[in-house]
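In the text below, chain A, chain B and the rest are named by the order of the sequence lines, each starting its count at 1. Since this is a predicted model, take the numbers as computed values, not measurements.
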Amino acid sequence: MVTRFAPSPTGHLHAGGARTALFNWALARSQPGGRFLLRMEDTDRARSQAALAESILADLRWLGLDWDGEPVFQSARTPHYQRAIAELLAADLAYPAFETPGELDAMRGKAREHSPGGGFSYHRPPNWDRAAALAKAEAGAPHVIRLHLAAVLALCGAEREIFAVEDQVLGTVEFAADALDDFVLQRQDGGVTYHLAVVVDDDAQGVTHVLRGQEHLANTPRHQALQRALNLPRPHYAHLPVIQNPDGSKMSKRDREKGIAVDIEDFRRQGVLPEVLLNFLALLGYSPGEKLPDGRDLERFNREHLLRHFSLARVGRGNARFDRSKLAAFNQDSIAALPPAEFKAHWTTWCNRYAEDAWSAQAQKMGEARRALFLQALQPRSKSLADLTALDGPGAFALLKTHEFAYDEKAVSKWLRRGEPSGLERLRELRPLLAELAHFDPESIEAAVAGFCEARGIGLGKAAQPLRVAVTGGASSPPLGITLAILGQTETTARLDRCLAEIGGAQNSARKDSA
RNA sequence: GUCCCCAUCGUCUAGAGGUUAGGACUCCGCCCUUUCAAGGCGGCAACGCGGGUUCGAUUCCCGCUGGGGACGCCA
C-alpha cells in the first residue's frame, strides 16, 4: 500500500490538511510494507512559495509524522506532464482551445441567463477542424489544452467506468454523465493543471490509495477520465469529512484574520502539545470504536496506537466541527500528566520559539530555584504552554512586577476589609513573621503561617487568603507556600508593604468618611 | 440554480431491527480543600420532520427539511 499527502505550498499547513496527512500516514503505516509519500503540488507557480513548502514539512515533523523518501515537487516534473499531454494530443484525446478567459466568462454568464443556475459546460463542437486547430496552435496562437471527453468516453466500456466513484468511506458515488466537460489540462502559460499533474504523479509514485478531503470528491470523475485516457491504473479513493468551525462554516484564512487558530502553526504558538493536537485531529471524523474497561470510549491515544489500529472503516461520513474547548481540556490533561522533566523540555522549546520578552526578563530575575517552583506550580494549572507566560493566566502573579498587578475589589473587601480583626490587621502581624523567616521555602512558609493560625485559634484561611490577596491581587493562586516562595522573600515583603500602604491607607480614610 | 455528500445531546462521537440510547468536551450542583486547578460523585442535554417496510423502527427504504461541498486557464 502506498499513500501520499499532496499539499499545495500556497499557505501553511492547516488543521484539515494535517488531518488528511495524519490519516494517510496512519493508513500506510498500519500495513506491513506500507509507504507514505509526500508531494508538493506547486503547479501554480504564481502562488506557490518555497518557504511555505518548508513550513509545511516542519509542521508535519512537529506532529511526529514521517514520510518515505524525499518529497516530490511537481515544479520539477514538467517533462513528464508534457509527455502525457503530447500522448493525449496525438491520440486526439485532448485538443487545443483558443477562447480567452474573458470569452469563457461571457459564455458562462450567457449560460446562466438562459437557465437560471444552469451550468456551463465546454465541449468541442462536432464540426471542429482538428487539422486547423493544431496548425493554429503550432503557429503560436495562445491556447489551452483541453481533454476531449467524448473521445475518452468512446474508449470506455461503460460511462460508469469514470462516473462512478468507488469510495472506501462513502461507498459508491454516482455522478451524472453531464458532470464533466472538456476541462483544461494545460494552461495558456504552458503549465499543467492540478488534474493532469495529480493523475500522472500518483501513477509515477505508485500510489495505491488516495485519501483526501471531501471537497475533492467531485474531481474524482475527472481523474478517472484521465486515468482512462492515459491508460493508467486507478488507485483506491477515500474522501474524508470536512473540518468546520464551531458555527459550521469552513475553516479558512478569514478565520485566521479574526484571530482563530486554523493553521498548525497557530496551535503551536498557543502552546498545544503536538501529540495532543494529533490525538484531537484524529478524533475529527474518526473514532477508534474501542471501549475502555470502565465503559468509557477510548479517546486519548497516541501515534503508535493510531498506527496500529487505524482503519478506513472507522472513518465517519459527516462533517466535524472543531471544538477548541475540548482541545484545551485534552491539552491541560496531557500537560498535567507529563513527567516534570518533559514538561520543562516542552516548555523551554516553546519559550525559545514564542515567549515574549517580558517573560524572558522576568525568568532571568527569578533564578533557577524559583523558576523550578514556578513550573511545578503552573504545570497542573495550565491549559497550554502559552498559559505560563500569559499575563491573564494562572502564573500572572509571578510575571507582573510589584506595582503592576491590580487588586480585585471583591477579594479585597472580602478578605482584607471585612472581619474583626480584619485581614489587614492579620497582615500587619504576618509581615514581620515572613520577613524574618530563615528559610523561605514552601514548607517553611506553610509551617509559619499554620503556626500563626494555631496560636490564635483561627482557621488557615483567615491568614492564607489575606496573604494571597495581598501578594497576587486576587483570591486564587497556587498553594500559599509555593506562591510566596515563587515570589521570594524580598518580593513578598515588598508586596505586603504595597498592600498595607494602598489598601490599608484607603481603608483608614474610608473609615473616616463613614464615621 | 445544478450535481454530490451528510444527518444521534450545544460540540466530537458510540450504538443495535426490541438498549434505562453509552462515552468525551462544555455547563450546573455537591464533596475534598487556605483559594485556584486537579480529583471524586451527581445532574442538565440527542435519535430533524413526514410517509412506508416490519409484530416492532432512532436503526432499513422514499420524500421533505436542514447543514456542508463542488461547479476556475486554484489546488
**OP:** State whether F452(A) and R456(A) meet the cation-pi test: NZ (Lys) or CZ (Arg) under 6.0 Å from the six-membered ring centroid, and within 45° of the perpendicular axis.
**Re:** yes

**OP:** Name the nucleic acid region contacted by A320(A), choosing base, sugar-phosphate or nothing; use a 4.0 angstrom heavy-atom cut-off, strictly under.
**Re:** sugar-phosphate

Original post:
If you measure from the C1' atom in A57(B) to the same atom in U8(B), how many Å do you get, rounded?
Top reply: 14 Å

Original post:
Reckon L480(A) touches a base, only the sugar-phosphate, or nothing at all at heavy-atom distances under 4.0 Å?
Top reply: base

**OP:** Select base, sugar-phosphate, or nothing to describe what E446(A) touches, counting heavy atoms under 4.0 Å on all strands.
**Re:** base

Original post:
What's the closest nucleotide to the Q332(A) side chain, out of G22(B), A37(B), C25(B)?
Top reply: A37(B)

Subject >> Short side-chain N/O contact to A75(B) OP1/OP2 from R47(A), under 4.0 Å >> reply: no

**OP:** Quick one: label P394(A) by what it contacts on the DNA or RNA (base, sugar-phosphate, nothing), any heavy atom closer than 4.0 Å.
**Re:** nothing

Original post:
What does D189(A) touch in the nucleic acid at a heavy-atom separation under 4.0 angstrom: a base, only the sugar-phosphate, or nothing?
Top reply: nothing

**OP:** Identify whether any heavy atom of E299(A) sits under 4.0 Å from a base atom; if not, whether one sits that close to sugar-phosphate; answer base, sugar-phosphate or nothing.
**Re:** base

**OP:** Give none if U65(B) has no partner; otherwise give the nucleotide forming a Watson-Crick or G-U wobble pair with it, both distances under 3.5 Å.
**Re:** A7(B)

Original post:
Atom CG of L484(A) and atom C1' of U35(B): how far apart are they, to the nearest Å?
Top reply: 13 Å

Original post:
Which part of the nucleic acid, if any, lies within contact of L292(A), taking any heavy atom under 4.0 Å across all strands shown: a base, the sugar-phosphate backbone alone, or nothing?
Top reply: nothing

Original post:
Roughly, in whole Å, what's the span from CZ in F175(A) to C1' in A70(B)?
Top reply: 8 Å

Original post:
Do any side-chain nitrogens or oxygens of R108(A) fall under 4.0 Å of OP1 or OP2 in G1(B)?
Top reply: no

Subject >> P-based separation of C41(B) from U26(B) [nearest Å] >> reply: 16 Å

Original post:
G17(B) and C5(B): how far apart are their C1' atoms, nearest whole angstrom?
Top reply: 26 Å

Original post:
Of the nucleotides G15(B), G68(B), U35(B), which one has an atom closest to the side chain of Q244(A)?
Top reply: G68(B)

Original post:
When all nucleic acid strands are considered with a 4.0 Å heavy-atom cut-off, which category describes Q188(A): base, sugar-phosphate, or nothing?
Top reply: base

Subject >> Rounded interatomic separation in angstrom, taking CG from N319(A) and C1' from U11(B) >> reply: 14 Å

Original post:
Between U33(B) and R468(A), is there an OP1 or OP2 to side-chain N/O distance shorter than 4.0 Å?
Top reply: no

**OP:** Provide the distance between the two P atoms, one in G63(B) and one in C3(B), to the nearest whole Å.
**Re:** 13 Å

Subject >> S476(A) side chain, from C-beta outward: closest of A14(B), C36(B), C4(B) >> reply: C36(B)

**OP:** Determine the contact category for E99(A): base if any of its heavy atoms lies under 4.0 Å from a base atom, sugar-phosphate if only primed atoms, P, OP1 or OP2 are that close, otherwise nothing.
**Re:** base

Original post:
Which part of the nucleic acid, if any, lies within contact of G474(A), taking any heavy atom under 4.0 Å across all strands shown: a base, the sugar-phosphate backbone alone, or nothing?
Top reply: nothing

Original post:
Are OP1 or OP2 of C5(B) and a side-chain N or O of R317(A) less than 4.0 angstrom apart?
Top reply: no

Subject >> Base-pairing assignment for C32(B) (Watson-Crick or G-U wobble, both under 3.5 Å) >> reply: none

**OP:** For T220(A) and R212(A), test the side chains for any donor-to-acceptor distance below 3.5 angstrom and give the result as yes or no.
**Re:** yes

Subject >> Pairwise P distance for C32(B) and C27(B), with rounding to whole Å >> reply: 22 Å

**OP:** Please tell me which of the listed nucleotides, A24(B), G69(B), C73(B), lies nearest to the side chain of F330(A)?
**Re:** A24(B)

Original post:
Q74(A) and R77(A): side-chain donor and acceptor closer than 3.5 Å?
Top reply: no

Original post:
Salt-bridged, R300(A) to E275(A), with N to O below 4.0 Å?
Top reply: no

Subject >> Whole-Å distance separating the CG atom of D44(A) from the P atom of G72(B) >> reply: 16 Å

Original post:
If the P atom of A21(B) is compared with that of C36(B), how far apart are they to the nearest Å?
Top reply: 37 Å

Original post:
So what's A57(B) paired with, Watson-Crick or G-U wobble, going by both distances under 3.5 Å?
Top reply: none

Original post:
In terms of side-chain heavy atoms of V184(A), which of C73(B), A14(B), A70(B) is nearest?
Top reply: C73(B)

Subject >> Touch class at under 4.0 angstrom, heavy-atom based, for P478(A) against every strand present >> reply: base

Original post:
Touch check for S325(A), heavy atoms < 4.0 angstrom, all strands: base, sugar-phosphate only, or nothing?
Top reply: sugar-phosphate

Subject >> Proximal nucleotide (of G23(B), A14(B), A75(B)) relative to the T193(A) side chain >> reply: A75(B)

Original post:
Hey, is the side chain of D333(A) pairing donor to acceptor with the base of A38(B) inside 3.5 Å?
Top reply: no

Original post:
Starting at NZ of K291(A) and ending at P of A14(B), how long is that distance when rounded to a whole Å?
Top reply: 10 Å

Subject >> Whole-Å P distance, U20(B) and G29(B) >> reply: 32 Å

**OP:** For G289(A), answer base if it contacts any base atom (sugar-phosphate contacts may also be present), sugar-phosphate if it contacts only those atoms, and nothing otherwise; contact means non-hydrogen atoms under 4.0 Å.
**Re:** nothing

Subject >> Closest approach of M40(A) to I56(A) (non-hydrogen atoms, all atoms of both residues) >> reply: CE-CG2, 4.1 Å

Original post:
Looking at E299(A) and K326(A), does any basic side-chain N land under 4.0 Å from a carboxylate oxygen?
Top reply: yes

Subject >> Shortest side-chain distance from S477(A), nucleotide among U11(B), A14(B), U35(B) >> reply: U35(B)

Subject >> Selected nucleotide, minimal atom distance to A329(A) side chain, candidates A24(B), U26(B), U11(B) >> reply: U26(B)

**OP:** Considering only atom P, compute the distance from C30(B) to C12(B) and round it to an integer number of Å.
**Re:** 30 Å

**OP:** May I ask you to say what V173(A) touches in the nucleic acid, namely base, sugar-phosphate or nothing, with a heavy-atom cut-off under 4.0 Å?
**Re:** sugar-phosphate

